[in-house]
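Okay, so here's the structure we're looking at.
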Amino acid sequence: MNAVDKDGWMSVRWHVNDVDWRVYELGYDPLTNEEAREVLEDVEHGHDASIGINWDVIDFHIEEFMREKEGE
């Protein structure tokens, strides 16, 4: 797989397994697949384009999700 496609576009992809791994690394209880997808959607819609999406951004959204979940 080429990093840059024939039209000059490059994309970086994140998977729910990435979220699952970070949730584990941060010491939280596992999320459902649907919850991990929700975190990724929050990441996509809430990241700062000047920073991009990285582990710190994903961690922030996981922690926000967990705070909201615990408040239920």
Task: Of all pairs that satisfy salt bridge (charged side-chain N to carboxylate O under 4.0 Å, His left out), the ones with a partner from residues 29-41, not counting sequence neighbours - done: E35-K69
Task: Of all pairs that satisfy salt bridge (charged side-chain N to carboxylate O under 4.0 Å, His left out), the ones with a partner from residues 49-64, not counting sequence neighbours - done: R22-D59, E64-R67
- [ ] Applying side chain to side chain contact (heavy atoms under 4.5 Å, CB included), run through L40 and V16 and close with a yes or a no.
- [x] CA-CA 7 Å; L40 279 181; V16 292; 3.9 Å; yes
- [ ] Of all the heavy-atom pairs spanning D20 and A36, show the shortest one and how long it is.
- [x] OD1-CB, 3.8 Å
TODO: Taking ring-ring contact (aromatic ring centres under 6.0 Å, His included) as the test, write out the residues that go with W55, two or more places apart.
DONE: W14, W21
Open item on the list: Run the side-chain hydrogen bond (donor to acceptor under 3.5 Å, both in side chains) test against D48 and tell me which residues pass, sequence neighbours left out.
Closed with: S50
TODO: Would you mind reporting whether L31 and M66 have side-chain heavy atoms less than 4.5 Å apart?
DONE: yes
- [ ] For H45 and D42, indicate whether the former's side chain and the latter's backbone hold a donor-acceptor pair under 3.5 Å.
- [x] no
Task: Joint cluster assignment, I51 & M10, ILVMFWY side-chain distance < 4.5 Å - done: yes
Open item on the list: If hydrophobic clusters are built by linking Ile, Leu, Val, Met, Phe, Trp and Tyr wherever their side-chain heavy atoms come under 4.5 Å apart, do V43 and L26 end up in the same one?
Closed with: yes
